[in-house]
A.B. asks: 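Following this message is one structure expressed as structure tokens.
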Amino acid sequence: MEEMDYTIVLDTATIHKKVEELGKRISEDFSQKPPLVLGVLKGSVFFLADLMRAVDLPYTLDFIGVSSYKESTESSGKVEITFDLSSDFTGKHILIVEDIIDTGITLDYLTNHIRDRGAEDISVAVLLDKPSRRKTDVKIDYVCFEVEDAFYVGYGLDYQGRLRNLPYIARLNPA
Ligand code: IMP
Ligand code: MG
């Protein structure tokens, strides 16, 4: 297996502190309307597990799988729902939990899909936001960290399916 060269940009303590803060904010903001939390597979699961343990509300949890047809580190712009066991969205307050917003194409597709299925309102929580890469106008309510244009791995984020288990967030260095 080839060696990956990466540089740590956010350590475990920094991530956990920020995630706890976000959990508190979500607990306050949704106190009158416990959300249906919708985790976007697969990259969000590490973040989601920590974030939602910091949310003190009777929320429910579902997952949805989205593929954005990425060749290596670039998006092709084509999006497809690959896995959808989520329940009815009618009248629900949806909180999407996603790993990273890059061009925004995936999130745009997903929010349209959820809105079409009757959601009352849709909020979005993300671990990383790369605003400089945006190609669509998407609304993000909760951002842990804004990052510059690079490719990130760890804490759920993968490069070709690997490196999700790194306990920190690292920037992948080009070979
Ligand atoms: P977008 O549709 O361009 O916003 O791409 C969003 C999806 O691309 C994310 O959900 C990730 O799965 C993937 N992605 C984008 N940038 C990165 C990165 O830096 N590291 C790992 N995955 C990424
Ligand atoms: Mg993703």
Side-chain angles (χ1 to χ4, degrees), residues 1-12 14-16 18-19 22 26 36-52 61-86 94-116 119 122-175:
M1 200 183 275
E2 76 193 284
E3 274 292 312
M4 292 292 171
D5 184 34
Y6 55 77
T7 307
I8 299 172
V9 292
L10 294 160
D11 65 37
T12 307
T14 306
I15 296 167
H16 284 163
K18 195 72 197 186
V19 170
L22 219 65
I26 289 171
L36 166 56
V37 178
L38 195 58
V40 183
L41 296 171
K42 306 168 193 166
S44 76
V45 296
F46 292 66
F47 169 50
L48 184 145
D50 287 338
L51 177 69
M52 297 317 296
L61 175 61
D62 262 320
F63 287 98
I64 195 159
V66 189
S67 164
S68 39
Y69 288 102
K70 283 196 156 51
E71 289 300 321
S72 73
T73 61
E74 275 297 312
S75 178
S76 68
K78 275 179 280 172
V79 188
E80 189 183 63
I81 304 283
T82 55
F83 175 88
D84 191 355
L85 288 182
S86 48
I94 308 293
L95 176 63
I96 296 175
V97 179
E98 177 55 307
D99 52 2
I100 184 165
I101 309 301
D102 187 31
T103 62
I105 291 169
T106 306
L107 181 63
D108 189 49
Y109 181 91
L110 194 58
T111 49
N112 285 330
H113 173 80
I114 293 166
R115 198 173 293 115
D116 287 349
I122 303 169
S123 305
V124 180
V126 299
L127 177 63
L128 301 184
D129 181 19
K130 271 192 241 180
S132 64
R133 297 259 307 162
R134 206 72 91 244
K135 288 183 183 156
T136 55
D137 184 23
V138 289
K139 173 182 77 82
I140 309 173
D141 303 271
Y142 307 96
V143 176
C144 272
F145 304 101
E146 211 173 88
V147 290
E148 56 189 53
D149 184 12
F151 197 82
Y152 299 89
V153 293
Y155 197 58
L157 293 157
D158 72 299
Y159 174 63
Q160 298 182 349
R162 290 190 283 138
L163 302 174
R164 294 189 197 278
N165 56 322
L166 299 179
Y168 39 72
I169 295 169
R171 188 176 48 223
L172 204 64
N173 296 323

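Only a predicted model underlies this, so the values are computations on that prediction, with no experimental measurement involved. When a ligand or atom number is given, it counts from 1 through the structure's own listing order.
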A.B. asks: Counting both backbone and side chain atoms, is some N or O of Gly104 under 3.5 Å from an N or O of ligand 1?
C.D. replies: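 Between Gly104 and ligand 1 (N or O atoms, distance only) the closest approach is under 3.5 Å.
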
A.B. asks: Is any side-chain heavy atom of Arg162 less than 4.5 Å from a side-chain heavy atom of Asp158?
C.D. replies: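 Contact flag for Arg162/Asp158 side chains = no.
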
A.B. asks: Pairs under 3.5 angstrom only: tabulate donor-acceptor contacts from the side chains of residues 143-155 to other protein residues two or more places apart or in another chain.
C.D. replies:
from	atom 1	to	atom 2	distance (Å)
Tyr152	OH	Glu148	O	2.6
Tyr155	OH	Asp50	OD2	2.7

A.B. asks: Would the distance check show the side chain of Thr111 and the main-chain N or O of Asp108 forming a donor-acceptor pair, the cut-off being under 3.5 Å?
C.D. replies: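 Confirmed, Thr111 side chain pairs with Asp108 backbone.
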
A.B. asks: Distance-only, no hydrogens or angles: does the Ser44 side chain make a donor-acceptor pair with backbone N or O of Val40 under 3.5 Å?
C.D. replies: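 Yes, Ser44 side chain to Val40 backbone: donor-acceptor pair under 3.5 Å.
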
A.B. asks: Closer than 4.0 Å to some heavy atom of Leu157 - which atoms of ligand 1 meet that?
C.D. replies: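 So the atoms of ligand 1 that pass are 21 (C).
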
A.B. asks: Below 4.0 angstrom from a heavy atom of Thr103, which ligand 1 atoms are there? Numbered from 1 as shown, please.
C.D. replies: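 So the atoms of ligand 1 that pass are 1 (P), 2 (O), 3 (O), 4 (O).
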
A.B. asks: Atom 12 (O) of ligand 1: which of Asp99, Ile105, Asp129 has the nearest heavy atom?
C.D. replies: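 Closest candidate by heavy-atom distance is Asp99.
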
A.B. asks: Distance from Met52 atom CE to Leu61 atom CG, nearest 0.5 Å?
C.D. replies: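 Reported value, rounded in 0.5 Å steps: 7.5 Å.
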
A.B. asks: State the atoms of ligand 1, each with its element, that fall below the 4.0 Å cut-off from a heavy-atom position in Thr106.
C.D. replies: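 Ligand 1 atoms under the 4.0 Å threshold to Thr106: 1 (P), 2 (O), 5 (O), 6 (C).
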
A.B. asks: In terms of atom number and element, which parts of ligand 1 are under 4.0 angstrom from non-hydrogen atoms of Glu98?
C.D. replies: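 Those atoms are 10 (O).
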
A.B. asks: Which one holds for Val66 and ligand 1: side chain close, backbone close, both close, or neither close, with close meaning a heavy atom under 4.0 Å?
C.D. replies: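 It is neither part, as no heavy atom is under 4.0 Å.
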
A.B. asks: Given Ile94, which partner from the list Leu110, Leu36, Asp62, Val37 fulfils the side-chain contact (heavy atoms from CB on, under 4.5 Å) test?
C.D. replies: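 Answer to the side-chain contact (heavy atoms from CB on, under 4.5 Å) test with Ile94 among Leu110, Leu36, Asp62, Val37: Leu36.
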
A.B. asks: Which of the atoms in ligand 1, numbered in the order shown and given with their element, are less than 4.0 Å from a heavy-atom of Ile100?
C.D. replies: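 Ligand 1 atoms under the 4.0 Å threshold to Ile100: 6 (C), 9 (C), 10 (O), 11 (C), 14 (N), 15 (C), 16 (N), 17 (C), 18 (C), 19 (O), 23 (C).
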
A.B. asks: Can you spot which of Ile26, Asp141, Leu51, Leu38 makes a side-chain contact (heavy atoms from CB on, under 4.5 Å) with Leu95?
C.D. replies: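 It is Ile26, the one option of Ile26, Asp141, Leu51, Leu38 that forms the side-chain contact (heavy atoms from CB on, under 4.5 Å) with Leu95.
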
A.B. asks: Please name all residues satisfying salt bridge (charged side-chain N to carboxylate O under 4.0 Å, His left out) with Asp84, sequence neighbours left out, ordered by chain then number.
C.D. replies: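 Arg117.
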
A.B. asks: Report yes or no: does a heavy atom of Asp158 sit under 4.0 Å from some atom of ligand 1?
C.D. replies: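 Contact check Asp158 vs ligand 1: positive.
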
A.B. asks: Could you tell me if any non-hydrogen atom of Leu107 lies under 4.0 Å from any atom of ligand 1?
C.D. replies: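 The answer is no: ligand 1 sits nowhere under 4.0 Å from a heavy atom of Leu107.
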
A.B. asks: May I ask you to list the atoms of ligand 1 that are less than 4.0 angstrom from any heavy atom of Lys130?
C.D. replies: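 With Lys130 as reference, the close atoms of ligand 1 come out as 16 (N), 17 (C), 18 (C), 19 (O).
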
A.B. asks: If the cut-off is 4.0 Å to any non-hydrogen atom of Ala150, which atoms of ligand 1 fall inside it?
C.D. replies: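 Counting from 1, the qualifying ligand atoms are 19 (O).
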
